[in-house]
Amino acid sequence: MTPHEAAGTKPKGSPWRILVTVLGTLAVIGVEFVLLYGVYSRATPVAAQRAVVAEAVGQLSVAMPVDAAALAASLDQASARLADLGAPADQVAVVAAAGAAVQGPPGVLNEARLAVTDLDAELADHAASLDVQAIVAYVSMLVIASVGWMVWFRRLVGRHRRLQAEVTEQAALVASEGRLASLVRRSADVIVVLGTDGRVGYATDSAAGLFDVPVAELLGTPIHDRVLRADAEPLVALLDARPEADAEVGFRLVRADGRTVHVEGVFTNLLDDPGVGGLVLTLRDVTTRVELETQLTHQALHDPLTGLSNRRLFGDRLDHALRRRGTRELTVVLCDLDDFKDVNDRLGHAAGDQLLVEVAARLRTVAREGDTVARLGGDEFALLLEDTGIEGAREVADRIHDWLSRPVTLEGETLLISASVGLADVLAEGVTGEELLQHADVAMYLAKDGGKHSTAVYEASLHSAALERLQLRADLQRALDVGELVLHFQPTITLGPGEDTAPTVHGFEALVRWQHPERGLLAPYHFIPLAEDSGLIVPLGTWVLQEACRAAVALQQPGRPHVAMSVNVAVAQLAAPGFVELVQAALADSGLAPQQLVLEITETAVLAGADVVAPLLAQLRAMGIRIAIDDFGTGYSSLSYLRDLPVDILKVDKSFVDHVVGDEQGASLAEAIIAMGQSLHLTTVAEGVEDRDQADWLTSAGATYGQGYLWSRPVPLVQAAALLSARAEAVRTS
């Protein structure tokens with residue numbers, strides 16, 4: 001196939017151009033022959049005539065003819081020959097006259113001789129003229145032929161170039177079309193041409209991978225038979241509509257291997273295109289993208305640890321449930337684990353995460369079909385119960401308590417967990433999902449305040465008190481940020497006999513207060529439980545430690561024994577990473593000697609997390625810091641643990657001190673604790689001493705120090721320094 005044929009065209013008029021070229025060439029050759037013949041036919045007679053005349057001139061050149069008669073006859077023959085050669089009559093007459101003059105007088109002969117000579121010269125000129133004409137004719141013929149051939153040749157060359165360009169262009173077009181066809185066949189996008197009945201008439205090679213069948217098997221089959229049933233109807237409707245403009249398509253394919261593939265693409269109606277004549281689908285496999293989008297959506301709406309719905313999804317479903325509720329009942333159940341922080345503190349956060357996963361699994365078991373279970377954050381979970389009132393929600397809450405009360409084994413330790421559950425239903429029209437969730441949160445805190453491991457129902461009458469508690473939690477965070485917390489200091493007194501002896505201040509205990517902008521100065525019991533529940537106890541305790549160390553340095557007086565500073569430490573602080581380094585930094589920043597710092601931790605906290613706390617206390621004690629057990633004697637197994645704990649000081653709880661006077665049993669318990677401390681070479685501090693009789697009894701029992709309102713309430717730093725100055729003045733005047 002020629003390039004022209006491949007392009008569907010042929011050179012126009014080619015036979016006619018060939019015929020014109022041949023005829024033109026023959027015409028030029030004929031003209032040349034005619035011209036040559038004309039030049040030849042004109043020059044030949046003149047040459048013959050000139051030869052005859054020349055011969056006559058030669059005969060007449062003899063001065064005196066020998067045979068006049070023979071010469072005359074010869075000249076007559078010459079004239080006759082000229083006549084035969086077509087010479088003009090006057091030329092013939094000149095030669096004939098010369099023949100007649102041969103026998104005449106010499107003068108006549110001379111005239112005849114001159115006439116013939118002139119005729120010869122005339123013929124010579126004429127012959128020369130014909131030669132010039134022949135040369136001009138030859139040159140003209142050559143010039144015309146050369147120019148003509150040159151023009152014709154240039155036209156031929158130009159046409160050849162045009163034809164060559166056309167051939168090259170057509171070849172490039174054919175090659176380009178071939179490349180395009182090859183690229184289309186091997187394109188990652190699948191191109192499928194359908195008939196009006198939806199059957200596949202053409203498919204690129206990549207269709208085999210998308211449909212999981214050979215292309216040959218795909219041809220002639222309806223495409224909608226391979227589309228997921230739910231997506232087939234919209235596709236068929238699009239094929240039937242045959243819109244003129246391009247349309248986006250998307251559907252799922254059911255492959256032979258059972259896998260569902262998501263495809264997207266463009267529908268193009270090319271029925272009117274003679275080169276296609278069909279409905280074209282340009283498709284691509286977007287399964288990976290769709291699966292990734294689904295995964296990201298799931299991650300955005302689900303808790304990564306438990307797989308439950310997160311707060312965002314729960315809130316969205318709650319809002320939808322409220323909009324479509326009508327007159328149906330709707331209840332939110334909020335569940336918060338009790339003492340979950342203790343699990344994190346004692347066993348670590350990994351164990352805490354395992355516990356949350358277990359709780360999530362149990363809540364799934366409790367939930368009914370159609371209920372939404374979510375983890376809102378931390379150890380807080382929620383259930384959305386549709387078509388369920390408070391009584392039905394109580395039954396769900398009872399099942400929650402039942403399932404959560406079953407033992408859980410973590411890190412080789414068996415735990416008993418419980419939860420506080422709050423219930424809230426729709427009390428009035430127009431309530432929002434956020435408000436309903438807040439109501440459940442209020443009820444949950446009511447359950448915690450009621451002793452934990454219980455269920456409470458939201459009541460509007462209790463709303464203000466519960467909201468006040470929630471507001472107080474938010475205010476506490478602000479208090480840490482803006483510096484509303486202050487320290488007061490209660491002295492620890494060296495016990496000695498006699499009322500007249502001025503008390504000796506051994507040290508101080510730093511006690512935090514909150515200078516609330518609206519509620520005034522708040523004691524710790526107003527906000528420490530909130531801090532522990534919310535996790536703010538760690539930053540709060542860090543602030544107390546740093547400020548107490550600075551205050552201890554400020555209280556030191558020249559020439560007087562150093563004053564010790566006691567700081568209460570929560571278990572959460574001890575379990576927080578880097579606590580030992582934090583204490584070292586506080587000492588270094590303030591310049592306080594480690595021997596002047598006493599860290600107090602409650603007995604119940606030590607016993608609950610002995611495995612975690614004891615090594616940390618040992619590190620701190622090795623630095624020179626003293627360790628005190630606060631509220632000693634309230635733990636049911638304290639005596640069995642005391643020998644193994646790195647402890648320096650026992651603080652006898654106020655509940656024992658209150659009964660040392662007038663209560664024989666109470667006095668016996670306090671005396672036993674003090675004696676045990678002495679046997680273990682521990683310093684004892686009696687807390688809550690309020691009268692002189694208690695102080696005298698404690699002194700006689702061997703207690704080392706006392707602390708209580710008998711000597712001083714907790715006071716600001718300036719007054720604490722005044723207590724030291726007053727004692728120094730008393731010593732000087734005694």
Check: Charged N to carboxylate O under 4.0 angstrom, Glu386 versus Arg324?
Finding: yes
Note to self: Whether Lys341 and Glu532 form a salt bridge (side-chain N of Lys/Arg under 4.0 Å from carboxylate O of Asp/Glu) is what I want to check.
What the structure shows: no
Next item on the list: Give the C-alpha distance, both sets of side-chain angles, the deciding distance and a yes or no for side chain to side chain donor-acceptor pair (under 3.5 Å) between Thr388 and Arg368.
Entry: CA-CA 11 Å; Thr388 303; Arg368 308 160 304 175; 2.7 Å; yes
Next item on the list: Would you mind reporting whether Leu404 and Val359 have side-chain heavy atoms less than 4.5 Å apart?
Entry: yes
Margin query: Show the nearest heavy-atom pair for residues Pro222 and Arg199, with the distance to one decimal.
Written below: CD-NH1, 3.4 Å
Item checked: Main-chain N/O of Trp403 paired with Arg362 side-chain donor or acceptor, under 3.5 Å -> yes
Notebook entry, point to check: Under 3.5 Å, is there a donor-acceptor pair linking the side chains of His320 and Arg323?
Noted result: yes
Notebook entry, point to check: What heavy-atom pair brings Thr306 and Arg364 nearest, and what distance separates the two atoms?
Noted result: O-NH2, 2.7 Å
Next item on the list: State, yes or no, whether a side-chain contact exists between Val457 and Arg394 at a heavy-atom distance under 4.5 Å.
Entry: yes
Check: Would a 4.5 Å heavy-atom cut-off, applied to side chains only, mark Val193 and Val200 as touching?
Finding: no
Item checked: Closest non-hydrogen atom pair between Val286 and Glu264, with its separation -> CG2-CG, 3.7 Å
Next item on the list: Of all the heavy-atom pairs spanning Leu210 and Asp285, show the shortest one and how long it is.
Entry: CD1-CB, 3.9 Å
Check: Does Leu334 reach the side chain of Leu423, with side-chain heavy atoms less than 4.5 Å apart?
Finding: no
Next item on the list: Step through the shown structure and confirm whether more than 12 heavy atoms of other residues, nucleotides or ligands are within 6.0 Å of CG on Asp272.
Entry: no
Notebook entry, point to check: In Å and rounded to the nearest 0.5 Å, what is the CG to CG distance from Leu296 to Leu301?
Noted result: 11.0 Å
Next item on the list: Describe, in one word, how the ring planes of His453 and His401 are oriented to each other, choosing from parallel (under 30°), tilted (30 to 60°) and perpendicular (over 60°).
Entry: perpendicular
Note to self: My understanding is that only one of Thr432, Leu313, Leu330 makes a side-chain contact (heavy atoms from CB on, under 4.5 Å) with Leu318; could you say which?
What the structure shows: Leu330
Notebook entry, point to check: Should the pair Arg311-Glu380 be classified as a salt bridge under the 4.0 Å nitrogen-to-oxygen rule?
Noted result: yes
Notebook entry, point to check: Crowded around Glu248 CD? As in, over 12 foreign heavy atoms under 6.0 Å?
Noted result: no
Checklist line | Pairwise side-chain contact, Leu437 with Phe314, heavy-atom cut-off 4.5 Å (strictly under) | finding: yes
Checklist line | Pairing residues for His262 by the ring pair (Phe, Tyr, Trp, His ring centres under 6.0 Å) criterion, not counting sequence neighbours | finding: none
Next item on the list: Taking all non-hydrogen atoms of both residues into account, name the closest pair between Gly195 and Leu279 and its distance.
Entry: O-CD1, 4.0 Å
Checklist line | Pairing of Glu166 and Arg162 as salt bridge, 4.0 angstrom limit | finding: no
Notebook entry, point to check: Would Thr268 and Asp246 count as having a side-chain donor-acceptor pair, cut-off 3.5 Å?
Noted result: yes
Notebook entry, point to check: Are Trp543 and Leu485 close enough that some pair of their side-chain heavy atoms sits under 4.5 Å apart?
Noted result: yes
Next item on the list: Before giving the answer on salt bridge (Lys or Arg N to Asp or Glu O under 4.0 Å), spell out for Arg478 and Asp475 the whole-Å C-alpha distance, their side-chain angles and the decisive distance to 0.1 Å.
Entry: CA-CA 5 Å; Arg478 188 202 68 244; Asp475 290 347; 2.9 Å; yes
Notebook entry, point to check: If you take all heavy atoms of Pro407 and Thr414, which pair is closest and at what distance?
Noted result: CB-CG2, 3.7 Å
Margin query: Surrounding CZ of Arg312 (heavy atoms of other residues, nucleotides or ligands, distance under 6.0 Å), is the total greater than 12?
Written below: no
Check: Can you find a heavy atom in the side chain of Arg328 that is under 4.5 Å from one in the side chain of Asp387?
Finding: yes
Check: Are side-chain heavy atoms of Tyr202 and Val192 found at a separation under 4.5 Å?
Finding: no
Check: Side chain of Asp303, backbone of Asn310: donor and acceptor closer than 3.5 Å?
Finding: no
Check: Looking at Val263, Leu253, Val261, which hits side-chain contact (heavy atoms from CB on, under 4.5 Å) with Thr287?
Finding: Val261
Next item on the list: Look at atom CD of Glu293 and say whether more than 12 heavy atoms of other residues, nucleotides or ligands are closer to it than 6.0 Å.
Entry: yes
Note to self: Regarding Arg406 and Asp402, does a basic nitrogen lie under 4.0 Å from an acidic carboxylate oxygen?
What the structure shows: yes
Next item on the list: Examine distances only and state if a side-chain atom of Asn269 and a backbone atom of Leu271 form a donor-acceptor pair shorter than 3.5 Å.
Entry: yes
Note to self: Checking Ser420 against Asp338: is there a side-chain donor and acceptor pair closer than 3.5 Å?
What the structure shows: yes
Next item on the list: State which residue, out of Leu355, Val343, Leu356, fulfils the side-chain contact (heavy atoms from CB on, under 4.5 Å) condition with Asp379.
Entry: Leu356
